[in-house]
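All values derive from a computational prediction rather than experimental measurement.
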Amino acid sequence: MKTIRTINSRIANTVIKLVLLVFALIPQTKIFAQQAATIDGRVTEEEFNEPLEKAIVQIKGTSIYTVTNRFGYFSMLLPSAFFELEAIHPDIFSEFYNVSTYEGILTPIGAVRLEPVAVGRLAQRDIAARVNIAQHPAATRNTPVIDLLNQSGGTDFNQLFVGQPSVYLLENGGGYGSSEISLRGFSANQNQVVFNGVSLNNPETGRMNSSLYPGLNDWAQHVQFTAGMASGKQSELGQTGLINVLPFMPNKKSGVRLLSSTGVNGYLKTAATIHSGVSKRNLAFSLKLDRTAGDGVPDFTGFESYGLYFNLHKEISHMHSILFTSVLKSWQADLRNRPDSVARTSLYGIDYNSEWGLLDNKELGWNGSFGLANLSVLTHHWHLRVNTKLVSQLYAELENSAQTYPGGYMNGMLPDQLPRDRGLIDYDTIAIYNANRVISENDGISILAAANRTTRFGLQSQLIHEFDKNTQFYMAADLEQYTADHFGAVNNLLGADEFLSEADLNGNSEAVQNFLESSFLPKTGSAEPVDYHYKSQIRKAGFSIKAQKTGNHAFGYAEGAFYIKSLQREDYYSYLNSDSQQKTDWINQVGWRVQSGITYRLNSIHSLQLNGGASSSPVRFDVLFPAENNWENTAAKNQNLFSGEMAYVLSSGRFFLSLRGYAMYQQNRTDIQRLMLNEDESLAVLSGINQFHRGVEFSGQMKYFKRFNLYVNASYGEWTLDNSVLAQTYDTNNQLVSETNLPFSGYQTDNAAPKSIYIKNEFNFYKGLEINLNYYRSFGTYAPMMVHDFDQTETPEQIKLPAFDKLGAGLNYYHQFRKKWTINIFAEVQNILGSQYINQLFTNESEVGMFRSNMALYGKNTSWRAGLSLNF
């Protein structure tokens, strides 16, 4: 009887739910039955006629509204009547239009143009903007301002691109926003991040986690993301992907914006922005100050940063205007980018970090980063003639920073061998051991630091000529000088009275007196170099041209670029000062790229796109000089990349669909490996690596139930190594130890998901209120193939990591008051179910029972944040 009652109860509950659903749908059906007229249109911003996604289009005085798609399109079913239509978008002035509808007739509104609140955007866009979404509908995504408002309360800038096809978000930062992005199976250092027209990729390594990278959340007004080839305005441009960030500009009217955000593990962010408004002398500026602090999403990865943003625009005359932008970051962050074994992480949990402990009951980390960085850009916009403009930028980037790490011995044990309590290091015991003894490399443990002082400045200029409204020509040139000093120093003595370093090969053997200090303004300038010291210099000069033509149904472009790099390394601590070989000769390298594309619109809904290109890129400084001295890697050669892609796009007021296929072949890549080597080996050089990447990417959006949007992004890729590779291992004296050909052909590229899917459902329940549920699944990544994987067998097994999924949710509410006051409330939860997964694997110990010895980084656990911003 009990079973029967249970079954009856379940049936009754099901029937009740169905009845409630029917009653919920009746009002919707009734409304649609009464609506006999249709209006549609496209919301754009007035100055550049670019589409505005997530603009609110409403009938004034009613609760009837809709939201535009990524191309600004909207459509509404209305009864026959006379209406006043209002279009609203964050940071854009709202506009009103009078509309009359008639039964059974479509009323096209056309373009609804909204006036931006900012000034000086023309000077910025002419040299800093890269691509127009209307011209490259399949490849480019312009992030909506409302998403940026939501994201500005967080630290992880790369979360803006979660779910984009073929994007794999690395989680190798310390909760401070320094995590990188892998795109289409290529490593993160082959993508390019550009801020206000200036590349933020490190000139030595190509890595995109610049010290200014976390600040992009706070300084961005517009983000252009392009997968694959992007049209460029610089001679050197990564062709696997581009993230182009345009900073916010001064507003036409004075105002203030306040922001506060809190989250997991003590996360707290506060910011204040002031806009002066345009003065009688056509001068306007904006100033933003922010502070971010917390323990990070991974536990015990504390960070604290202070940011400053200043932007000034001056219109001198109708021909000349200047724009000055300066950003600054001061930070202290304990990094998470040092992998640990799977076994140790499994023992202590994914929040475990072996570089943390307690000293005098205070948290202390010895694997961290701190420093001060500044980027200043002066832009001059010169309107030479009606159809000709010359835009130039002079920029300078300065950075003083350090990364800390442990050194020395205690009771004959290295720092990594010390016993731990719950995975945490007992610093008090170390301090007692160090007390009252002279600490050297061989007795006692100290926290050392690798310090960097870098200076980068350059000039880039672009001539723009419009032959007519449909034909444009661009010619650009750029120059850059980069200099960096890298040296070892001491950060924390853990109770030692003094420190002696025997690593100075010049033999001074003097105690260190001036130490690095991490503070509000980090003290790196007075630090005394110890251990290892070298200077790197890179000079670059380049030239590029581009032509584009727009017709009634087609848009096409062609561009080419050429540049030359000169690299020099000067080593201070591996040679005596009298040695003439202390400085290398200048090494000159040439790079080039060509590409072209066409977009053909079959009609207002359907379009086709075809792109193709090739490039040859010089090797990076750290690949040319991989050892800790001036030894040159003669095996390193230019790497070539050949790309092609085809796309179909369907775009209407209710649907957006993009289906794109691509093929990319990379030739002559050089890789340096330092893990899983034998005791007598210092590094391995893998040269002549070829990779063949091909895949299909799908991106879709569907509007249903008037204001609900379903997004689906998916990708399927085959990213494989394509040939045998020459592997050479060297000892600490750079003498060849072994040389062999490794049969890499057919193995998968590492640490990127070749298959993934992302689904997001947005619910606009009320005007300005957006709630979303999102789901992401990665169908497995692969470990890198190591040099000695082939010692036991000619066809070793490559580890494929288990698939993982993440469930998330978000809320965003934007409201504009009559007096132009606005409020933005946001909240989000990531990885709600707390899925545990390996985000990156750095070694490939594939023998039975050896997996737990592999070095890995695990993904983040459940995290949340919430906050609000007020604009008045």
Where does the angle between the aromatic ring planes of [X] and [Y] fall among parallel (under 30°), tilted (30 to 60°) and perpendicular (over 60°)?
X    : Y    : result
W382 : H320 : parallel
Y213 : F157 : perpendicular
F467 : H465 : perpendicular

Residue list, side-chain contact (heavy atoms from CB on, under 4.5 Å) with K253, at least two apart or on another chain
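With sequence neighbours excluded, K253 shows a side-chain contact (heavy atoms from CB on, under 4.5 Å) to no residue whatsoever.
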Mind checking whether [X] and [Y] have side chains closer than 4.5 Å, heavy atoms only?
X    : Y    : answer
H381 : L323 : no
F303 : W331 : no
V327 : F195 : yes
F457 : T483 : no
E480 : Y395 : yes
E180 : L170 : yes
P203 : K565 : no
I181 : F225 : no

Can you tell me how far apart [atom1] ([X]) and [atom2] ([Y]) are? Round to the nearest 0.5 Å.
X    : Y    : atom1 : atom2 : value
T44  : L114 : OG1   : CG    : 7.0 Å
L328 : L212 : CG    : CG    : 8.0 Å
S616 : Y563 : OG    : OH    : 7.5 Å
Q548 : S596 : CD    : OG    : 11.5 Å
N588 : S566 : CG    : OG    : 3.5 Å
Q151 : D156 : CD    : CG    : 7.5 Å

List for me each residue that meets ring-ring contact (aromatic ring centres under 6.0 Å, His included) alongside H222, sequence neighbours excluded, and say none if there are none.
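Partners of H222 by the ring-ring contact (aromatic ring centres under 6.0 Å, His included) criterion come out as none, since no residue qualifies.
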Which atom pair, heavy atoms only, marks the closest approach of [X] to [Y]?
X    : Y    : result
K288 : D218 : NZ-O, 2.9 Å
F826 : S260 : CZ-O, 4.4 Å
N244 : A128 : ND2-O, 3.0 Å
S261 : Y267 : OG-CE2, 3.8 Å
V167 : F161 : CG1-O, 3.7 Å
L259 : S152 : CD1-OG, 3.3 Å

Please determine, by modelled atom types, if N812 and Y814 share a side-chain donor-acceptor pair under 3.5 angstrom.
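No, Y814 and N812 have no side-chain donor paired with an acceptor closer than 3.5 Å.
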Flag, side chain of [X] to backbone of [Y], donor-acceptor distance under 3.5 Å:
X    : Y    : value
D478 : S235 : yes
K314 : F324 : no
S376 : A396 : no
N217 : G154 : yes
Q124 : P247 : yes
Q192 : N189 : no
Q234 : G197 : yes

Quick one: which of I322, D126, T325, V391 gives a side chain to side chain contact (heavy atoms under 4.5 Å, CB included) with T379?
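So, applying the side chain to side chain contact (heavy atoms under 4.5 Å, CB included) to T379 and each of I322, D126, T325, V391, only V391 qualifies.
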Going through the checks in order, is the side chain to side chain contact (heavy atoms under 4.5 Å, CB included) test met by I243 and N191?
CA-CA 8 Å; I243 298 173; N191 305 322; over 6 Å; no
Is D290 salt-bridged to K329, going by a charged N under 4.0 Å from an acidic O?
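So D290 pairs with K329 through a salt bridge.
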Salt-bridged, E236 to R593, with N to O below 4.0 Å?
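Not counted as a salt bridge, because no side-chain N and carboxylate O are separated by less than 4.0 Å.
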I'd like to know whether V119 forms a side chain to side chain contact (heavy atoms under 4.5 Å, CB included) with M249, so could you lay out the CA-CA distance, the side-chain angles of the two residues, the decisive distance to 0.1 Å, and finally the verdict.
CA-CA 6 Å; V119 296; M249 299 292 292; 5.8 Å; no
Take Y482 and E397 through the side-chain hydrogen bond (donor to acceptor under 3.5 Å, both in side chains) test and state the conclusion after the steps.
CA-CA 9 Å; Y482 170 86; E397 182 179 6; over 6 Å; no
Is it true that the NZ or CZ of R569 lies under 6.0 Å from the centre of F621's six-membered ring and within 45 degrees of the ring axis?
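No, R569 does not lie over the aromatic ring of F621.
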Taking the six-membered ring of F48, is NZ or CZ of R125 closer than 6.0 Å to its centre and within 45° of its axis?
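Because its charged atom sits under 6.0 Å from the ring centre and within 45° of the axis, R125 does stack over F48.
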Evaluate side chain to side chain contact (heavy atoms under 4.5 Å, CB included) for F248 paired with H275, printing each intermediate quantity in order.
CA-CA 11 Å; F248 69 85; H275 291 278; 4.0 Å; yes
side-chain hydrogen bond (donor to acceptor under 3.5 Å, both in side chains) between Q190 and T240, worked out
CA-CA 6 Å; Q190 299 190 65; T240 62; 5.7 Å; no
Could you please spell out the steps behind the side chain to side chain contact (heavy atoms under 4.5 Å, CB included) verdict for R456 and V198?
CA-CA 11 Å; R456 183 167 69 108; V198 179; 3.8 Å; yes
If you apply the rule side-chain hydrogen bond (donor to acceptor under 3.5 Å, both in side chains), what do you find for S326 with N374, and how did you get there?
CA-CA 7 Å; S326 182; N374 169 257; 3.2 Å; yes
